[in-house]
Amino acid sequence: MNNICPHLGGVLSYGFLDNNCVTCPLHMWEFDVTTGACVWPGEEKLPTYPVKVEGEDILVNVDTPLQAS
Ligand code: FES
């Protein structure tokens, strides 16, 4: 999913991952990394992208988001 939090631009890859949920490091909004849905406070949805694993490589197709934000 996108790396930028839709709240005020926090960098989600600097956040905290617990199971499928990443918490933004700035104001603690939470997103499901498998769907892009905001689980708290629940008002936004981030685009997610198709991913596949080839050997030791993880390939992300950033040209074709699965859904728009
Ligand atoms: S910038 Fe992510 S919760 Fe505020």
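Counting begins at 1 with the first residue of the sequence. First listed ligand is number 1; within each ligand, the first listed atom is number 1.
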Exercise. Quick check: does any side chain N or O of Asp32 sit under 3.5 Å from a backbone N or O of Thr34, one acting as donor and the other as acceptor?
Worked result: yes

Exercise. Do Val33 and Trp29 share a hydrophobic cluster (ILVMFWY, side-chain heavy atoms under 4.5 Å, transitive)?
Worked result: yes

For this session: Verify the distance criterion only: is there a donor paired with an acceptor across the side chains of Asn2 and Tyr49 at less than 3.5 Å?
Result: yes

Exercise. Are Trp40 and Met1 connected, step by step, through hydrophobic side chains (Ile, Leu, Val, Met, Phe, Trp, Tyr) whose heavy atoms are closer than 4.5 Å?
Worked result: yes

For this session: Would you please name every residue forming a side-chain contact (heavy atoms from CB on, under 4.5 Å) with Glu54, sequence neighbours left out?
Result: Lys52, Leu59

Exercise. Close to atom 4 (Fe) of ligand 1, meaning under 2.8 Å, how many protein N, O or S atoms are there?
Worked result: 2

Exercise. His7 vs His27 aromatic rings, parallel, tilted or perpendicular, using cut-offs 30° and 60°?
Worked result: perpendicular

